[in-house]
Number of protein chains: 2
Amino acid sequence: MDVGSVSSSGTPTALSLNLSAFGKLTAADRDLLKTTLTKRVRTVPARRDIVREGDRPHFVNVVLEGWAQRSKQLADGRRQILSFLLPGELCDPNIFILKRLDHTLSTVTTVRLGEVPKQELRELVQARPAIAEALWWTELVAGAIQREWTTSIGQRTAYERIAHLFCELFVRSRTAGLTDANTCEFPLTQSDIADATGMTQVHVNRTIQEMRRDGLIDLRSRQMTVHDLDRLMAVALFNTNYLHLDHRADA
Amino acid sequence: MDVGSVSSSGTPTALSLNLSAFGKLTAADRDLLKTTLTKRVRTVPARRDIVREGDRPHFVNVVLEGWAQRSKQLADGRRQILSFLLPGELCDPNIFILKRLDHTLSTVTTVRLGEVPKQELRELVQARPAIAEALWWTELVAGAIQREWTTSIGQRTAYERIAHLFCELFVRSRTAGLTDANTCEFPLTQSDIADATGMTQVHVNRTIQEMRRDGLIDLRSRQMTVHDLDRLMAVALFNTNYLHLDHRADA
DNA sequence: CGGCCGCTTGATTCACGTCAAACATTGTGG
DNA sequence: CCACAATGTTTGACGTGAATCAAGCGGCCG
């Protein structure tokens with residue numbers, strides 16, 4: 001099993017759960033969450049499906065380490081990446097209600113995955129209303145991100161669209177404490193970016209070259225360096241509102 | 001105040017709330033919902049904003065009659081329509097948690113709107129877990145629709161994209177009991193369709209003409225006739241899964 | 001060392017956008 | 001009830017951003 005990416009992420013960083021940042025949680029809530037979400041952990045190699053469209057999942061998954069993605073595929077094979085999941089993020093709280101998944105969840109890198117039986121999380125949520133609220137908060141933010149992506153693909157130019165994706169991933173990484181100054185992990189290939197932005201890999205390549213020439217970013221050895229975040233945000237018409245960061249305890 | 005559209009929707013059809021179709025509700029739940037959602041009703045003329053991006057809303061809104069839309073606008077004015085809201089649909093249950101709206105809600109036609117004070121709905125939801133679940137169901141379905149739209153704009157061609165939108169609106173209308181055989185209300189202008197699909201109004205026009213020539217649909221006097229739904233669904237690569245209709249009592 | 005995966009480059013094509021004007025429909029006010 | 005204004009649709013000529021096709025390059029991994 002390929003575990004290269006795991007070790008390559010450096011010293012095992014302190015786990016920072018996105019959920020736990022929700023402002024209304026007590027320290028006790030956060031402890032409970034952490035133990036529940038890390039009780040049962042498995043490692044999935046890069047580029048594998050975690051759960052597929054049509055499945056009836058019995059577990060809620062958390063990405064503890066590595067990146068994952070949601071995607072949908074049309075009947076003829078065209079694929080759209082719908083969002084990326086960063087370390088500390090919950091994949092599918094919605095399985096409490098929806099019977100079948102309408103999209104596929106896959107790993108981008110090797111992923112350490114926390115698995116929580118549906119029933120166990122349900123009990124936690126019933127015992128702790130604040131945790132229920134935290135769960136819905138992350139789900140609603142995911143919805144807001146999805147709306148922003150629709151807007152991005154529908155209205156932004158290729159250049160703006162890629163810039164916007166870079167802004168989002170950098171800001172989310174930073175919020176999760178995963179950046180080092182102006183640099184963050186960036187395990188996506190240009191084909192991934194193409195599938196996420198609705199363009200071809202070739203055009204992604206040419207657009208990124210242009211961004212490099214413009215001195216906005218640097219992308220190499222699975223790392224992204226943002227030279228001037230303000231300028232990147234400006235060209236991307238990026239506005240952090242949609243991430244609803246104001247619910248975080250650290251806001 | 002212009003109430004033309006209201007009267008033009010024919011005999012005041014029996015109100016069919018989307019929420020009430022949720023399978024786990026009892027008759028008592030449905031009654032409670034209906035009285036709560038229709039206690040306070042106002043009429044908003046066509047093409048007005050209901051709540052705007054950045055607002056901190058105090059009411060949950062239901063569309064009782066007419067069509068509404070969600071949209072986002074970029075700093076330079078480009079606008080993306082994110083979804084359409086049909087009669088019987090809840091606009092924004094998410095205000096329980098999110099502090100500010102990240103998108104704007106506007107009317108397409110004249111809309112009869114039910115307004116429920118946040119607090120009142122919160123109490124209802126606490127008293128009736130099944131209603132809470134119904135609420136989240138509609139919110140999760142809205143999320144699934146958003147993912148499908150992202151996919152549509154990202155992967156489908158102009159022709160497929162419009163066909164897909166037509167399928168969705170027809171199927172959702174039919175589910176809400178708003179179709180008459182193969183015909184449904186269709187108050188969108190070609191500019192609306194353009195803003196929703198990320199294309200220009202001119203190209204929408206040419207594409208629709210092509211669909212008419214292909215005998216798929218007819219669009220006139222604010223009505224859409226679908227001549228062959230199966231064929232329309234086939235060319236659109238339409239799959240109803242994402243609407244999660246299997247939670248409906250009438251499924 | 002060799003194979004594979006991801007990146008880069010070039011030539012060409014095409015789906016869709018832009019600009020501009022005319023036409024059709026609908027609702028309004030005199 | 002007609003006219004006209006506003007809104008929505010259609011048409012044409014032309015431009016362009018991004019797709020397509022095809023080939024070569026480079027670094028990483030077994």
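Chain A is the first sequence line, chain B the second, and so forth, proteins listed ahead of strands; every chain is numbered from 1. Just the heavy atoms: all of them, side chains too, but no hydrogens, waters or symmetry mates, feed the values below.
Using a distance-only test at 3.5 Å, with no hydrogens or angles considered, a donor-acceptor pair links the side chain of A:Glu89 to the main chain of A:Leu86. The backbone N or O of A:Asn61 sits less than 3.5 Å from a side-chain atom of A:Asp92, completing a donor-acceptor pair. Side-chain atoms of A:Thr225 do not come within 3.5 Å of backbone N or O of A:Ile217 as any donor-acceptor pair. Using modelled atom types, one side-chain atom of B:Thr104 and one backbone atom of B:Glu53 make a donor-acceptor pair closer than 3.5 Å. A donor-acceptor pair under 3.5 Å is formed between the side chain of B:Thr107 and the backbone N or O of B:Pro45.
Distance, A:Gln155 CD to D:dG17 C1': 16 Å, rounded to whole Å. B:Phe186 places its CZ atom 14 Å from the C1' atom of D:dG8, with the value rounded to the nearest Å. Regarding A:Leu219, its CG atom lies at a distance of 16 Å from the C1' atom of D:dG27, rounded to whole Å. Spacing between atom CZ of B:Arg47 and atom P of C:dT26 amounts to 15 Å, rounded to whole angstrom units. What separates CD1 of A:Ile193 from P of D:dA19 is a distance of 14 Å, to the nearest Å. To the nearest angstrom, P of C:dC7 lies 15 Å from CE of A:Met211.
Between D:dC28 and A:Arg222, no contact under 4.0 Å exists linking OP1 or OP2 to a side-chain N or O. OP1 or OP2 of C:dT8 sits under 4.0 Å from a side-chain N or O of A:Gln190.
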Contact state string [nucleotides 9-24 of chain C, B base, S sugar-phosphate only, - no protein heavy atom under 4.0 Å] | BBB----SSBB-----
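No contact: B:Arg78 has no heavy atom under 4.0 Å from any strand.
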Per-pair distances, 0.1 Å, donor-acceptor, side chain in residues 193-203 of chain B, under 3.5 Å, sequence neighbours excluded:
{"residue": "B:Thr197", "atom": "OG1", "partner": "B:Ile193", "partner atom": "O", "Å": "2.7"}
{"residue": "B:Thr200", "atom": "OG1", "partner": "B:His203", "partner atom": "N", "Å": "3.3"}

